[in-house]
Amino acid sequence: MALILTDEQQMLAEAADGLLGEEGVGALRRLRDDRDPDGLSRDLWRTFGEMGLAGVMIDEAHGGSGLGAVEAGVIAEALGKHLTPSPFLGSSVLGAGLIVDLGSAEQKDRWLPGVAEGEAILALALEEGGRHAPHRIAARAERDGNGFRLNGSKAFVLDGHVADALIVAARTSGKVGDREGVSLFLVDPGTAGVAIERTAMVDAHNAARIMLDDVRVDADALLGELDGAGPALDRVLDLGRGCAAASLVGAGAQAFDLTLDYLRTRTQFGRAIGEFQALQHRAAHLFTELEIARAAVLGALQTLDRPGVAPAQAARAVAVAKAKAGQVAELAVQEAVQMHGGVGMTDEFDVGLYMKRVRVLNETLGDVGHHQEALATADGW
Amino acid sequence: MSELEDFRAEVRAWLADNCPAEVRGPMAGEDDRIWGGRNATFKTPAHRLWLERMGARGWTAPEWPTEYGGGGLSRDQAKVLASELRRIEAQPPLFSFGVWMLGPALLKFGTEAQKQTFLPPIARGEIRWCQGYSEPGAGSDLAGLQTRAVDQGDHWIVNGQKVWTSYADQADWIFCLVRTDPEAPKHLGISFVLFDMATPGVSTKPITLISGKSPFCETFFDDVRVDKANLVGALNRGWDVAKYLLAHERTMIGAIGEGDVGRPLGQIAADAIGRDASGRLDQPMLRARIAEMEIDAEAFRLAMERTGDLAKAGRAHPALSSMLKYYGSELNKCRHELAMAAGGADALEWEGERSRNGQAARDWLRTKANSIEGGTSEIQLNIIAKHLLRLPGA
């Protein structure tokens, strides 16, 4: 398969870019400056539903488009490019991905059509510390009659404060750090004992801390097998990492494009600053890095879509993509601010918003170091 | 898709029968390379057989048309062939400037007679080529070259000097840039010609490099007669051919960034330095640097593939080769710095059997030319700034 987008994927990319580009970064600014209680646009989410974007990876029987990781990545890239807050990663990729993989017929019917329509919002409550550690789960679920009782605390839950359902990862056996013994539960955020604190983040996107204090759920809240969430969680996290990497490329490339415009138009010493070789070489280096990162991300997304691909192979490709995209996007936003000079430090110019978003995306689902470590470990050294 | 899978099965079966055991696995050193040519040397008879078999199928030049000795494969088929070769760790059947550089230029600019004459022997590895580009006064400013070709009716008489001519002392023929119009602006007075290195008046002198080896030569032309039938492209428009060929050269040099088949550097380092209780390379800082490099390398391999796919789809800007050349050559330098760090004092030995005559150190030093040959990294960045970014004044 060629490492380029197909015509259909290109059309999808243009559709997503066209939709989000209408308001561009203005959408983020408005939500931030109005202190919008949702921190995202529900109208836009419904439009995502109408255009088949919200249910991109949900099967057609449940109202989705039945497409793959490459298509999800294309949408994620557009979200990164325009810095648009959206439930897409948390709901369409992570949340729906887990329900598609593990859900009972009832659970699928209950949640997937709603996500596909852009009505329902899901949030994955996984992380507990300040750094991505998908197996370091201390939150516990204990048998309680014919149901379960959940206790623990979760952090960095994307869209946690606006979710219609939380997917809580809790330990049902074993000890913290074990790959086995984790189960997933669909929890109504209104359940007694659930306390949700919206956390205002540096990038004005959504996250929350969630406390679970003797939260009682019925047996049918269990998503998938008891103790057996590990493999599906790994798979869906890789999907999410691939999409976060695509958003990083989208954000980094857009910060670079803004910078190129500035290099062409800003004059000092009587000429465009883009005429100075010191800046030309840095721009050319950054262009190269972005193209390399773009190839790594598309390679990973195609690998995720390959039928019968070994999970370890997909995980390795994703580690490469997330690490490379993170490293390059970080370089892109730093160069963007520096080459803009003083105005790059102002809130009025957009490049600072890209710097903030890239920092958050880098921390989402594992930073550069996390994935470098993953690669070295996977390769046996 | 299933046609491709059929093709994969066919390739796999053929390779099982035809790829000798001696040419599988990592190459021990440069001596394993098969360059072909009139005076070809082969490490073992199996190496000769491997070239002959692959050449006969045209798989030394998989995507060239069959009528010119190529394999006639589609891009997807060529990818399948490459992946099957990688799977069995087959060594390349032929290292060839003819395949990598001259062939593509002849396919685009050559006359039918030139294609018929020159391409099949290139694909079979019968004629080894060298490249007459750089001169003592024309390095980064290549178009400033001074080697003169004076019109003598049906032929030219060429006088001048080239430098950094890779393997000129072992090559059979040369593709060479000569000045045919000294009055014209520098880019518009250059022609691209081919001639036999055995022609009277051609002489070569190897240059000893910091590696102690001599892959490059000075090449002298003293009243060398060149037949006008061997002009490629239009008279005085050799720069067009040269640039087209340079794009292929840059991709070729960049490809060095993909790294060799064989044990990953992290494994080699762990074997040399040791492992901690969890099996990790017991030198965390080096481990982190190797991990970063390996991620860059994997991403770079994908970028090579993607650029090739874009080119096949007619959507690649020629200057993307500068991007690959810049990144791949810098990456390869980084890889060898890390290999030296991993090797420690053992990697510093310069002579003797144990170090295979100082191979690690010599290879490391050789890579320093990667970001100079075929256009320096700085020239590549200039090209990217001008042709891809269209920055003012670039």
Side-chain angles (χ1 to χ4, degrees), chain A residues 1-5 256-257 259-260 263-265 267 271-277 279-300 302-303 307 316-317 319-328 368-369 371-381, chain B residues 1 4 75-76 79 264-271 273 275 278-281 287-292 294-310 312-313 315-316 320 322-324 326-327 330-331 377-378 380-386 388-394:
Chain A
M1 179 186 289
L3 256 183
I4 43 184
L5 295 180
F256 179 58
D257 281 350
T259 305
L260 279 180
L263 291 177
R264 292 189 188 105
T265 51
T267 60
R271 48 179 161 154
I273 60 171
E275 291 182 40
F276 293 105
Q277 198 177 45
L279 298 184
Q280 289 179 349
H281 280 193
R282 280 162 62 179
H285 172 75
L286 184 51
F287 167 84
T288 299
E289 289 278 11
L290 281 163
E291 289 301 305
I292 304 288
R294 189 178 290 282
V297 171
L298 186 54
Q302 285 190 353
T303 303
R316 189 180 191 281
V320 168
K322 184 70 165 61
K324 187 65 193 166
Q327 176 217 5
V328 171
V368 176
H371 291 291
Q372 288 173 337
E373 174 68 42
L375 177 114
T377 303
D379 285 0
W381 43 272
Chain B
M1 209 52 164
L4 263 191
R75 168 104 183 133
D76 282 341
K79 281 190 184 187
L265 181 56
Q267 295 280 7
I268 294 169
D271 291 348
I273 295 169
R275 296 169 186 270
S278 312
R280 297 191 193 102
L281 166 58
R287 180 169 178 268
R289 288 168 65 202
I290 293 176
E292 184 175 7
E294 290 291 5
I295 283 167
D296 286 350
E298 185 63 32
F300 176 71
R301 283 187 274 273
L302 291 161
M304 285 284 292
E305 181 181 345
R306 176 171 156 80
T307 309
D309 289 341
L310 285 168
K312 203 72 186 174
R315 286 166 46 194
L320 287 176
S322 289
M323 168 186 99
L324 298 174
Y326 165 61
Y327 201 88
E330 297 292 343
L331 180 62
S377 285
E378 291 71 24
Q380 307 313 320
L381 293 171
N382 284 350
I383 291 169
I384 294 166
K386 178 175 182 175
L388 293 170
L389 306 183
R390 303 197 169 282
L391 285 170

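All figures in this text were calculated on a predicted structure; none of them were measured in a lab. Residue numbers begin at 1 in each chain, while the letters A, B, ... track the order of the sequences.
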Assert top hit (heavy-atom pairs under 4.5 Å, partner chain B, pool A:E291, A:H285, A:H371) equals A:H285
So which atom in A:A323 and which in B:I295 form the shortest heavy-atom distance, rounded to 0.1 Å? CB-CD1, 3.7 Å
CD1-CZ distance between A:I292 and B:R301, expressed to the nearest 0.5 angstrom: 11.5 Å
Gap between atom OG1 of A:T288 and atom OH of B:Y326 - 0.5 Å precision: 6.5 Å
Measuring from B:N382:CG to A:Q277:CD, what's the distance to the nearest 0.5 Å? 4.5 Å
Is a salt bridge present between A:R316 and B:E294, judged by a nitrogen-to-oxygen distance below 4.0 Å? no
Spacing of A:K324 atom NZ and B:E298 atom CD [to the nearest 0.5 Å]: 12.0 Å
For B:E378, which atoms come within 4.5 Å of any heavy atom of chain A: side chain, backbone, both, or neither? both
Grab the two heavy atoms, one from B:I290 and one from A:W381, that are nearest each other, plus how far apart they are. CG2-CH2, 3.5 Å
Check whether any side-chain N or O of B:D309 sits under 3.5 Å from a backbone N or O of A:L3 as a donor-acceptor pair, and report yes or no. yes
Applying ring pair (Phe, Tyr, Trp, His ring centres under 6.0 Å), can you list everything that pairs with A:H281, at least two apart in sequence or on another chain? none
Say whether, by atom type as modelled, one donor and one acceptor occur between the side chain of B:K79 and the main chain of A:M1 under 3.5 angstrom. yes
I'd like to know which of B:Q267, B:K386, B:R275 tops the heavy-atom pair count under 4.5 Å against chain A. B:Q267
Shortest non-hydrogen separation from A:A296 to B:L302 and the atoms involved: CA-CD1, 3.7 Å
Taking side chain as everything from C-beta outward and backbone as N, CA, C, O, which of these in A:L375 sits under 4.5 Å from a heavy atom of chain B? Side chain, backbone, both or neither. side chain
Contact summary for A:A376 and B:R287, nearest pair of heavy atoms: CB-NH2, 3.5 Å
With a 4.5 angstrom heavy-atom cut-off, is it the side chain or the backbone of A:I273 that approaches chain B, or both, or neither? neither
Can you tell which of B:G266, B:S377, B:P264 has the highest number of heavy-atom pairs within less than 4.5 Å of chain A? B:G266
So, A:R264 side chain and B:P392 main chain: donor-acceptor pair closer than 3.5 Å or not? no
If we define contacts as heavy-atom pairs under 4.5 Å, which of B:E292, B:M304, B:R75, B:Q380 has the most with chain A? B:E292
Side chain, backbone, both or neither: which part of B:A269 has a non-hydrogen atom closer than 4.5 Å to chain A? neither
Need one label for B:L320: side chain, backbone, both or neither, based on atoms under 4.5 Å from any heavy atom in chain A. side chain
Side-chain touch A:Q327/B:D296, heavy atoms, less than 4.5 angstrom: yes
Select, from B:S322, B:A303, B:A291, the one with the greatest count of heavy-atom pairs under 4.5 Å involving chain A. B:A291
From B:R390 CZ over to A:L260 CG, what is the distance, rounded to the nearest 0.5 angstrom? 12.5 Å
Taking every non-hydrogen atom, the tightest pair across B:L391 and A:G274: CB-O, 3.9 Å
Would you name the heavy atoms of B:A385 and A:Q280 that are closest together and state the gap between them? CB-CB, 3.9 Å
Return the CZ to CG distance between A:F287 and B:L389, rounded to the nearest 0.5 Å. 6.0 Å
